[in-house]
Participant: 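Have a look at this one before I ask anything.
Atoms considered below: every heavy atom in the structure, side chains included; atoms not considered: hydrogens, waters and symmetry mates.
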Amino acid sequence: MRFPAPIRLATFVLMLVGIVLSAPAIAQKLGPDGAPNPTASVIDQQTLLKQVPRIAGRIDIPDTKAAVLIQPAGRTWDYFHEVLLHWGGAIVILGMIAVLGAAYLIMGRLRITAGRSGQKILRFKAFERFSHWLTAVSFVVLGLTGLNITFGPEAFSNVSEVAKYMHNFTSFAFVAGLILIAVIFFRDNLFEKVDADWIKQGGGFIKSRHAPAGRFNPGEKLVYWLSLAAGVTISASGFLLLFPFFGTDIADMQLAQVIHAVVAVLFVALILGHIYIGTLGMEGAFEAMGTGEVDLNWAKEHHDRWLAQQLASEDRQAHPLATPAE
């Protein structure tokens with residue numbers, strides 16, 4: 001069958017128009033040298049990753065996590081872990097060390113104003129000191145191994161492998177110590193009216209003013225509550241990391257790791273201040289947890305209300321009220 005000439009002419013014109021219009025698209029698929037460029041029309045990776053939260057395939061095994069091929073959120077987590085955490089952690093920890101060093105150079109060690117009396121009074125019992133040192137030693141191990149895992153170079157890979165196991169198993173001792181400290185010292189760390197007076201008098205840093213305090217002053221109480229909150233947080237997040245994907249997915253694990261890392265860095269900075277006050281910063285303070293006894297003048301200067309209660313209790317025990325004879 002032969003089409004009329006006008007129809008054939010129209011068809012030919014339409015074909016030419018189609019070729020002309022498609023020429024730019026064809027040209028875009030060619031490289032500068034005229035050779036075909038198979039990736040020219042492919043969507044770039046960043047655009048593709050923004051379209052869906054994750055890219056997953058199909059699998060036959062029960063573990064659905066294995067189907068995830070690409071997870072854009074993982075890139076955000078990787079940037080946090082490799083960049084933000086490294087810089088932020090270094091600034092916080094080294095910054096705290098610098099502040100404490102400056103405090104020591106400017107203020108020096110806080111001495112006992114009246115000097116040592118030579119008399120001792122029991123401040124912490126043996127089990128109280130055991131609970132403190134159980135928590136303290138395990139915290140130091142966790143801190144050092146955690147910092148090594150986070151900041152350690154590839155050359156420390158063998159050390160980091162051992163550190164990981166130490167970190168995991170020491171965590172149980174830390175949790176046990178944290179529970180003991182929370183129970184033993186809870187009552188003495190409740191805020192009282194005398195704490196407001198301690199703050200008004202400058203917390204013992206103004207030598208011309210005496211800051212009254214009970215067994216623990218507001219600064220020590222603040223460290224207690226912050227440590228308790230941080231300890232519970234890193235313990236909870238740590239157990240999620242210790243038992244991965246136990247009721248959690250990838251996003252939950254990433255969130256747990258971020259919380260664990262951030263709180264741990266802040267916790268280390270807090271305890272650095274606590275260690276400084278208990279050792280270099282204040283004369284006679286370490287003896288409280290070292291031997292359990294403190295000098296009478298130290299107790300009178302820093303915890304006078306508690307000292308008065310202790311002396312009154314000892315006096316009652318030494319001189320009990322006489323009972324009438326029957």
Side-chain angles (χ1 to χ4, degrees), residues 74-104 131-182 222-244 248 250 252-281 286 289:
R75 297 178 178 232
T76 303
W77 175 86
D78 184 70
Y79 180 76
F80 161 81
H81 189 271
E82 298 299 325
V83 180
L84 297 182
L85 179 59
H86 285 192
W87 279 101
I91 290 172
V92 171
I93 294 176
L94 295 179
M96 175 59 75
I97 294 175
V99 169
L100 296 176
Y104 184 79
S131 302
H132 173 271
W133 286 115
L134 174 65
T135 312
V137 172
S138 59
F139 177 85
V140 170
V141 174
L142 290 171
L144 293 176
T145 53
L147 291 174
N148 175 71
I149 295 171
T150 302
F151 296 99
E154 293 184 3
F156 288 3
S157 58
N158 293 332
V159 176
S160 297
E161 184 177 0
V162 176
K164 177 182 179 297
Y165 287 105
M166 292 179 62
H167 194 87
N168 292 344
F169 288 107
T170 306
S171 62
F172 295 100
F174 174 77
V175 172
L178 186 69
I179 293 173
L180 290 175
I181 284 180
L222 184 62
V223 170
Y224 171 84
W225 289 110
L226 289 177
S227 298
L228 195 60
V232 171
T233 302
I234 62 173
S235 297
S237 58
F239 279 122
L240 290 177
L241 299 174
L242 192 60
F243 302 100
T248 58
I250 295 177
D252 296 330
M253 293 296 297
Q254 291 175 342
L255 179 61
Q257 201 279 337
V258 170
I259 293 174
H260 191 80
V262 171
V263 175
V265 167
L266 297 176
F267 200 4
V268 168
L270 175 68
I271 296 304
L272 284 175
H274 177 66
I275 293 173
Y276 169 77
I277 293 293
T279 53
L280 294 175
F286 182 79
M289 277 300 173

Participant: Within the structure provided, determine whether L240 and D252 are in side-chain contact (heavy-atom separation under 4.5 Å).
Facilitator: no

Participant: In this structure, are over 12 heavy atoms from other groups packed under 6.0 Å from Y79 atom OH?
Facilitator: no

Participant: Look only at the side chain of W133 and the backbone of M289, and say whether a donor-acceptor pair between them is shorter than 3.5 Å.
Facilitator: yes

Participant: Parallel, tilted or perpendicular for F239 and F243, by the 30°/60° rule?
Facilitator: parallel

Participant: Evaluate the criterion side-chain contact (heavy atoms from CB on, under 4.5 Å) for residue pair V99 and Y276; output intermediate values, then yes/no.
Facilitator: CA-CA 11 Å; V99 169; Y276 169 77; over 6 Å; no

Participant: For residues H260 and G238, report the shortest heavy-atom separation together with the two atoms involved.
Facilitator: ND1-N, 3.4 Å

Participant: Mind checking whether V92 and M96 have side chains closer than 4.5 Å, heavy atoms only?
Facilitator: no

Participant: Looking only at non-hydrogen atoms, find the nearest pair between S160 and I149 and report the distance.
Facilitator: O-CG1, 4.4 Å

Participant: Got a second to check how far L134's CG is from I181's CD1, nearest 0.5 Å?
Facilitator: 8.0 Å

Participant: Between atom CG of D78 and atom CG of L84, what is the distance when rounded to the nearest 0.5 Å?
Facilitator: 10.5 Å

Participant: Ignoring hydrogens and angles, tell me if any N or O in the side chain of T145 forms a donor-acceptor pair with the backbone of L142 under 3.5 Å.
Facilitator: yes

Participant: Can you tell me how far CD1 of I275 sits from CD1 of I277, rounded to the nearest 0.5 angstrom?
Facilitator: 11.5 Å

Participant: Please verify the inter-ring angle class for H81 with H86; under 30° counts as parallel, over 60° as perpendicular, anything in between as tilted.
Facilitator: tilted

Participant: Do V141 and F169 have side chains that get closer than 4.5 Å, going by heavy atoms?
Facilitator: no

Participant: Tell me, with the steps shown, if Q254 and I250 meet side-chain contact (heavy atoms from CB on, under 4.5 Å).
Facilitator: CA-CA 6 Å; Q254 291 175 342; I250 295 177; 3.9 Å; yes

Participant: Are any non-hydrogen side-chain atoms of L144 and V140 less than 4.5 angstrom apart?
Facilitator: yes

Participant: Assess whether side-chain contact (heavy atoms from CB on, under 4.5 Å) is satisfied between L180 and T135, documenting all intermediate values.
Facilitator: CA-CA 9 Å; L180 290 175; T135 312; over 6 Å; no

Participant: I need the L241 CG to I234 CD1 distance, nearest 0.5 Å.
Facilitator: 11.5 Å

Participant: Kindly check if the number of other-residue, nucleotide or ligand heavy atoms within 6.0 Å of NE2 (H132) is above 12?
Facilitator: yes

Participant: Going through the distances and angles, do F80 and V262 end up as a side-chain contact (heavy atoms from CB on, under 4.5 Å)?
Facilitator: CA-CA 10 Å; F80 161 81; V262 171; 3.9 Å; yes

Participant: Angle between ring planes, F174 versus F139, binned at 30° and 60°: parallel, tilted or perpendicular?
Facilitator: tilted

Participant: Can you see which heavy atom on S235 is nearest to which on L178, and at what distance?
Facilitator: OG-CD2, 4.2 Å

Participant: Going by heavy atoms in the side chains, are L85 and V265 under 4.5 Å from each other?
Facilitator: yes

Participant: Keeping T150 on the side-chain end and L147 on the backbone end, is there a donor-acceptor pair under 3.5 Å?
Facilitator: no

Participant: Once rounded to the nearest 0.5 Å, what's the spacing between atom OH of Y224 and atom NE2 of H274?
Facilitator: 13.0 Å

Participant: Measure the shortest side-chain to side-chain distance between V263 and S237 over non-hydrogen atoms and say whether it is less than 4.5 angstrom.
Facilitator: no

